[in-house]
Every structure is written in C-alpha cells, then in structure tokens.
Amino acid sequence: MPAQRRISIKDVAREAGVSYSTVSRALNHSPLISEEVRARVQTLAQEMGYTPNALAQSLQSNRSHSIGVVITTISDPFFAGVVQGVEEAAREAGLNVFLATSNNDPENELRIIESFHRRRVDGVIVAASRIGEDYTQKLERVRIPVIMINSQAVGTLQDLHAISIDDLAGARLAVEHLYALGHRRIGYVGVQNRPGSNARRLEGYQQVLQQYDLPRTSEWVQVSDGAILEGLEGDLRAGHALASALLRHDVTAIFCYCDSVAAGVVAACRDLGIDVPGQVSIIGFDDSELCELLCPPLTTIHQPMVEMGRMALRMLADTLAGKPVSDVTLQPSLVVRGSTARLLEREMPQPEENL
C-alpha cells in the first residue's frame, strides 16, 4: 500500500482558492490579511492534516527551536538530574531537546557537537565536558552557542559560557564535617576519569588536613586510574576496590568523590564486616537519589543538579536572544544523614609516612 502523500502548503492554497503567500501569512498570524481569511485558512489547514515543515521554517527564521545536550553517560545519577532540569526549562520555552552521550571521549564529544551543528540546533549544552586544550580551536569553528556544566575544558572560547559547582568549597565542607565529629584519620577516594573536579576536591580535602594540622599519608588517598567503566557501575567498582585498600590503613572516615563511589565504599565495608558509621564514617558528593537508597542513608555534599540544568537552558536562551551572559559558580551545601557519626574514643595510632 503506497504511503500517504504529505499535505503541502500549496494543497491548502489550492483548496482555499487563495495564493501561496496568503496561506503562509494566515498560518503565521500575519496582520496583513483579514481575520476572516486567516481563520478560514487555518481551519482548512487543520482539517486537511497540514503540518508545517520544520526544516523549511528553520531556514526562513534561522532558528530550529531545538538544542543539543551532550553527557558522558546516561547511567550517572548526576547527569539524570541535569537532563531533567534542561528538559523542564526547554519545555517551558517551547524548545526540543536532542540527547547524546560521549562516553568520556573528547573526540567523540566534538563530533557530536559538530553533528548537532549540522542538524541546525540553536545551541548546545555539554555536561562534564572532556574537551581539553588540544580541541578548543576545533570547537571554535562551531558557530553556535555552547554552555558547559561542570566542565573539564581548558581556555575561554567565543560563545562558550559555564555553570559550575565550587568543588573545592564542597570538599572543604565534607572534611570539616568529619573533623567536627572528632575524626582525625580521614581518607579520600577519587576517580581519575574526571580529572578537573577530582583534582579540586582532592585539593579541598588536603587544605582542611593542613589547616587543622591533621596527619596525612599517601595510603589515605586512593584514586582510580582512568581505565574504569563509565557511569554508575564504574564508580561502584572503583569505590569498592579502593576502599578495600584504604581500610587496611585504619582510617575512621572517608570522603568520596561522588555518591556512586561512596556507595561502592559502603558495599566494601559491608563485605568486610565494618560498621557504618559505627567504625567508619562515609560522606559523598552530589546528593543524588542514590543517597536515600543506601543503608545507612548517605551524608553528602549537595549540588543542585536539576537547577544547574535549568540555569544552563536559561543561559542558552539569553545568549540566543543577544542578552549579556556571565559564568556562574554555585555554592554547595552539606546534607547530614546516617552514614557519618561522632568518633568513639579510642587510641589513635600515628601515621608512618608523611606526604
């Protein structure tokens, strides 16, 4: 059975007995034609099943009313929150959203952005960009606005703006919370496949240890190599493997790069018969939905993932409208749940090796 032919604007014009331009004006609510003609043409177009050609409209207006969103993986709870915020704000603005994953590959990320450009999207939002200094010049040839969320990118590009969380301040909040609970042997578990944010969170951890003259050893810092799997599964495996090594060094508290890593650490403690938080306190970073599912619920550092997505869309809309846009750095906050507790009094051994 042959496919039904698409109704064109010329078909509507022929049926209505008017010119092509009159139909176009009627469908675009032009004041140049009478209300009676406009209403008659619009009703006829609806009855005939006419739908506007989105590509033709975008060529005429130079806008497609669509945006591209690039994330590393769909399995990371952080990206789920960001995409939710983008989609909510896009729906309110009447924009369509195209989603793609880069799998932590900067070359693939760049290819996706260029593909979005060829599809005539109005702009692109990239979460946790992996584009480094070697790729910035290539990105400059994509002449559409690009908004970064928690970017790892280096340098400043035309039409590129950023929304980020203050990683260093968040790390300081986490370690200061553990210090206030009496912990002095505090470890860090991180992931190398997010090098920018991992470095800032590790720096915040080290700053607090130095500020309070706390003992530090190289064994208390465990960071996975860059070969771990992407997303939730990779973070869980990394947290479990690194915690098993870290717990041999008698730490009483662990600050984790993110909630997913912290979940792996909690699982390692369970497997080793270590009570959380009775023997070891654990704190994460993100405040994802995962926190409430763990036992005990996870103390963490909150970053407003959904709001970051909404802000990125609004920033992109302002850029498209020619309004001035400035980069935004959001401040994190501490959310205390059941995975951290005051340290019980006991003799604390001294570390053997200083950093």
Side-chain angles (χ1 to χ4, degrees), residues 69-89 97 99-105 109 112 124-131 147-153 162-171 173-174 189-202 204 223-224 226 228-239 255-266 282-294 297-313 315 328-335 337:
V69 177
V70 187
I71 61 175
T72 300
T73 173
I74 60 174
S75 68
D76 190 318
F78 169 79
F79 297 123
V82 168
V83 171
Q84 177 185 338
V86 171
E87 289 186 329
E88 287 176 358
V97 178
L99 180 66
T101 57
S102 65
N103 296 309
N104 194 25
D105 183 344
E109 181 182 322
I112 291 170
V124 178
I125 295 172
V126 185
S129 172
R130 271 30 178 207
I131 294 179
I147 308 296
M148 298 288 188
I149 300 177
N150 280 0
S151 174
Q152 308 285 347
I163 296 173
S164 59
I165 196 73
D166 192 334
D167 287 304
L168 192 145
L173 280 175
V189 175
V191 287
Q192 188 54 47
N193 64 346
R194 281 86 116 192
S197 52
N198 181 78
R200 292 187 292 271
R201 294 176 194 183
L202 177 57
V223 178
S224 71
I228 66 171
L229 293 173
E230 288 300 316
L232 179 60
E233 183 180 358
D235 285 347
L236 290 171
R237 289 187 181 184
F255 167 45
C256 301
Y257 169 83
C258 66
D259 296 337
S260 303
V261 169
V265 174
V266 171
I282 299 171
I283 185 169
F285 200 115
D286 282 345
D287 196 20
S288 64
E289 294 180 355
L290 185 63
C291 295
E292 296 284 3
L293 301 177
L294 296 179
L298 185 67
T299 296
T300 190
I301 300 301
H302 173 79
Q303 58 173 329
M305 297 169 285
V306 175
E307 182 58 24
M308 292 173 84
R310 294 182 64 87
M311 290 179 67
L313 194 284
M315 183 181 288
V328 176
T329 300
L330 300 173
Q331 293 302 308
S333 58
L334 174 68
V335 180
R337 296 190 178 95

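For the pair Ile163 and Ala312, the tightest heavy-atom approach, listed with the atom from each and the gap, is CD1-N, 3.2 Å. Residues Met305 and Pro77 approach most closely at SD-O, 4.1 Å, considering heavy atoms. In terms of heavy atoms, Leu290 sits closest to Ser260 at CD2-CA, 3.8 Å. Contact between Asn198 and Gly190 at its shortest, heavy atoms only, is OD1-CA, 3.3 Å. Taking each heavy atom of Gln192 and Ser224 in turn, the nearest pair found is CB-O, 2.9 Å. In plain terms, the two heavy atoms of Tyr257 and Ser197 that are nearest each other are OH-OG, 2.6 Å.
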>> Between Met308 and Asn150, does the side chain to side chain contact (heavy atoms under 4.5 Å, CB included) criterion hold? Intermediate values first, please.
In response: CA-CA 9 Å; Met308 292 173 84; Asn150 280 0; 3.3 Å; yes
> What do the steps show when you test Leu334 against Ile283 for side chain to side chain contact (heavy atoms under 4.5 Å, CB included), and what is the final call?
Replying inline: CA-CA 10 Å; Leu334 174 68; Ile283 185 169; 3.8 Å; yes
>> Between Ile125 and Leu313, does the side chain to side chain contact (heavy atoms under 4.5 Å, CB included) criterion hold? Intermediate values first, please.
In response: CA-CA 8 Å; Ile125 295 172; Leu313 194 284; 4.3 Å; yes
> side chain to side chain contact (heavy atoms under 4.5 Å, CB included) between Val83 and Ile71: does it pass, once the steps are laid out?
Replying inline: CA-CA 9 Å; Val83 171; Ile71 61 175; 4.0 Å; yes
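A donor-acceptor pair under 3.5 Å is formed between the side chain of Thr300 and the backbone N or O of Phe285. The closest donor-acceptor contact from the side chain of Thr73 to the backbone of Asn103 lies at 3.5 Å or more, if one exists at all. A side-chain donor-acceptor contact under 3.5 Å links Asp259 to the backbone of Ser288.
In the displayed structure, Leu293 atom CG is contacted under 6.0 Å by more than 12 heavy atoms of other residues, nucleotides or ligands. Other residues, nucleotides and ligands contribute over 12 non-hydrogen atoms within 6.0 Å of the CD atom of Gln331.
Glu307 CD to Glu88 CD: the interatomic distance, rounded to the nearest 0.5 Å, is 9.5 Å. Distance check: Arg201 CZ to Ile165 CD1 gives 8.5 Å after rounding to the nearest 0.5 Å. Separation of atoms CZ (Phe79) and CG (Leu232) is listed at 12.5 Å; rounding is to 0.5 Å. Note that CG of Asn193 is 8.5 Å distant from OG1 of Thr72, once rounded to the nearest 0.5 Å. Between atom CE of residue Met315 and atom CD1 of residue Ile147 there is a gap of 5.5 Å, rounded to the nearest 0.5 Å. Rounding to the nearest 0.5 Å places CD1 of Ile301 at 7.5 Å from OG of Ser333.
Asp286 and Gln303 are linked by a side-chain donor-acceptor pair at a separation below 3.5 angstrom, with hydrogens and angles left out of the test. For the residue pair Ser75/Glu233, the side-chain donor-acceptor check at 3.5 Å is not satisfied.
Arg194 and Asp76 are joined by a salt bridge, as a carboxylate oxygen and a charged side-chain nitrogen come within less than 4.0 angstrom of each other.
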